[in-house]
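Everything below concerns the one structure shown next.
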Amino acid sequence: MESVLDIVVTWSTRDNTNESICEYGIDSVTEQSAKAAQGPTAFVDGGAQKATQYIHRVTLPKLQANTTYRYHCGSQLGWSAIYWFHTALNHSNWSPSLAIYGDMGVVNAASLPALQRETQLGMYDAILHVGDFAYDMCNENGEVGDEFMRQVETIAAYVPYMVCAGNHEEKYNFSHYVNRFSMPGGTDNLFYSFNLGPVHFIGFSTEVYYFTQYGIKPIVMQYDWLERDLIEATKPENRAQRPWIITYGHRPMYCSNDNGDDCANHETVVRKGLPVLNFFGLEPLFYKYGVDVELWAHEHCYERMWPLYNYTVYNGSLAEPYVNPGAPVHIISGAAGNHEGREPFFKQMPPWSAFHSQDFGYLRLKAHNASHLYFEQVSDDKGGVVIDSFWVIKDRHGPYTP
């Protein structure tokens with residue numbers, strides 16, 4: 001796992017500049033310089049024009065914790081604007097804030113203005129974009145992807161922009177997703193983990209279960225990696241430091257949307273595993289290792305579940321369902337806005353659904369400490385009003401006991 005204090009800066013150019021340089025520093029961008037040893041790599045879109053762009057990745061190593069750096073990137077042929085970022089603390093005893101959403105397109109990106117403004121005001125330490133970008137990054141020979149990256153640059157240049165793959169990334173075997181982003185772990189951005197404050201975050205791909213034309217191997221590799229990562233994260237010395245484990249993947253295990261998606265049915269392939277034999281299902285795995293919160297998107301809405309396992313509610317108590325809950329808490333926040341619009345809900349909502357809204361918007365998380373997480377869903381339709389908020393409180397973390 002990469003140190004939080006290494007930052008990777010990624011950008012693209014239409015021309016091959018032959019070098020990739022980042023100049024950065026605390027007081028001035030000329031204090032230090034980092035260069036990609038190999039220079040940029042060519043990425044050829046799969047469309048008719050076979051349009052080529054060059055992806056630049058530069059690692060800024062061994063940065064000081066809790067420090068603001070200014071930087072710009074480019075080469076002797078041209079430079080970006082000057083941006084800045086603030087590094088995380090290098091221990092677990094602090095309270096990071098994140099914005100979380102999925103399903104944001106170039107058209108009707110309802111949450112984008114607020115996210116740009118709030119990120120630049122320093123409200124967030126990281127962003128989780130839980131799949132589905134641009135609609136779609138490959139469209140118009142990749143130009144829709146270029147426009148999307150320009151739009152989110154005003155967020156992603158300032159904070160780590162952490163991503164996972166959605167169904168809209170599938171074209172050309174996820175090549176735009178693989179090439180345009182730089183997640184840790186060396187797994188083509190498909191699955192990885194990182195630590196921030198008292199939280200161990202795990203990003204993974206639900207799409208390996210759906211696009212099996214690329215083979216079963218990615219399902220097996222990811223499942224094995226997830227179990228190894230969870231074993232490491234739940235070692236007593238690690239869980240004592242970072243007690244919260246939060247996963248994020250695109251397609252939910254559960255939803256209440258009246259649109260034919262499989263999360264509205266019992267046998268979600270992500271939840272139960274491959275058909276018939278139920279191999280590689282993630283719900284038992286996450287339950288076994290005591291994952292606290294599971295974040296999803298895909299449905300263009302917001303939905304909060306009661307603590308839930310195998311369609312059974314395990315509230316901590318009647319009065320305080322999220323205090324020492326007996327199962328993971330599932331949250332869908334896929335309403336950042338795109339041209340496909342909103343999702344319908346069932347007229348009769350299932351008993352495990354606690355709150356739902358069709359408003360465009362995004363989720364905020366503040367991980368206060370080892371025992372308290374705070375979530376709130378912001379409505380763009382209502383001009384930034386918080387439409388739902390709740391605490392998850394645990395005085396102990398670990399496997400659930402049925």
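Partners of Arg396 according to the salt bridge (Lys or Arg N to Asp or Glu O under 4.0 Å) rule, which considers only residues two or more places apart in sequence or in another chain, do not exist here. With sequence neighbours excluded, the residues satisfying ring-ring contact (aromatic ring centres under 6.0 Å, His included) with Tyr254 are Tyr311, His330, Trp352. For Ser92, the side-chain contact (heavy atoms from CB on, under 4.5 Å) partners two or more places apart in sequence, or in a different chain, are Gln241, Arg242. Considering only residues two or more places apart in sequence or on other chains, Cys164 meets the disulfide bond (SG atoms under 2.5 Å apart) condition with none of them. Residues satisfying the salt bridge (Lys or Arg N to Asp or Glu O under 4.0 Å) criterion with Arg304, sequence neighbours excluded, are Asp388. Residues forming a ring-ring contact (aromatic ring centres under 6.0 Å, His included) with Tyr101 (at least two apart in sequence, or on another chain): His129. Judged as a side-chain contact (heavy atoms from CB on, under 4.5 Å), and not counting sequence neighbours, the contacts of Thr30 are Ser28. Remark: Tyr158 pairs with Tyr83, Trp84 by the ring-ring contact (aromatic ring centres under 6.0 Å, His included) rule, at least two apart or across chains. With sequence neighbours left out, Tyr192 forms a ring-ring contact (aromatic ring centres under 6.0 Å, His included) with no residue at all. Taking the side-chain contact (heavy atoms from CB on, under 4.5 Å) definition, one finds that Leu285 meets it with Tyr223, Leu226, Glu227, Leu230, Leu282, Tyr289, sequence neighbours left out.
Residue pairs meeting the ring-ring contact (aromatic ring centres under 6.0 Å, His included) criterion with at least one member in residues 383-402, sequence neighbours excluded: Trp244-His397, Tyr287-Tyr400, Tyr322-Phe390, His368-Trp391, His372-Trp391, Tyr374-Trp391, Phe375-Phe390. A salt bridge (Lys or Arg N to Asp or Glu O under 4.0 Å) check over residues 184-201, counting only residues at least two apart or in different chains, returns nothing.
Using a 4.0 Å cut-off between a side-chain N of Lys or Arg and a carboxylate O of Asp or Glu, Arg342 and Asp380 do not qualify as a salt bridge. Under the 4.0 Å criterion applied to side-chain N and carboxylate O atoms, Arg150 and Glu153 are not assigned as salt-bridge partners. Between Asp45 and Lys171 there is no salt bridge, since no side-chain nitrogen of the basic residue lies less than 4.0 Å from a carboxylate oxygen of the acidic one.
Between Tyr309 and Tyr314, the ring planes lie tilted relative to each other; the angle falls in the 30° to 60° range.
A cation-pi contact links Arg251 to Tyr210, judged by a cut-off of 6.0 Å to the six-membered ring centre and 45° from its axis.
There is a side-chain donor-acceptor pair under 3.5 Å between His168 and Glu340. When only modelled atom types and interatomic distance are considered, Glu299 and Asn259 share a side-chain donor-acceptor pair under 3.5 Å. Side-chain contact, Gln120 with Gln116: no donor N or O sits under 3.5 Å from an acceptor N or O. Between Glu207 and Tyr177, the side chains place no donor N or O within less than 3.5 Å of an acceptor N or O (distance only, hydrogens not considered).
Inter-residue side-chain proximity for Tyr302 and Phe355 is flagged as met; some heavy-atom pair is nearer than 4.5 Å.
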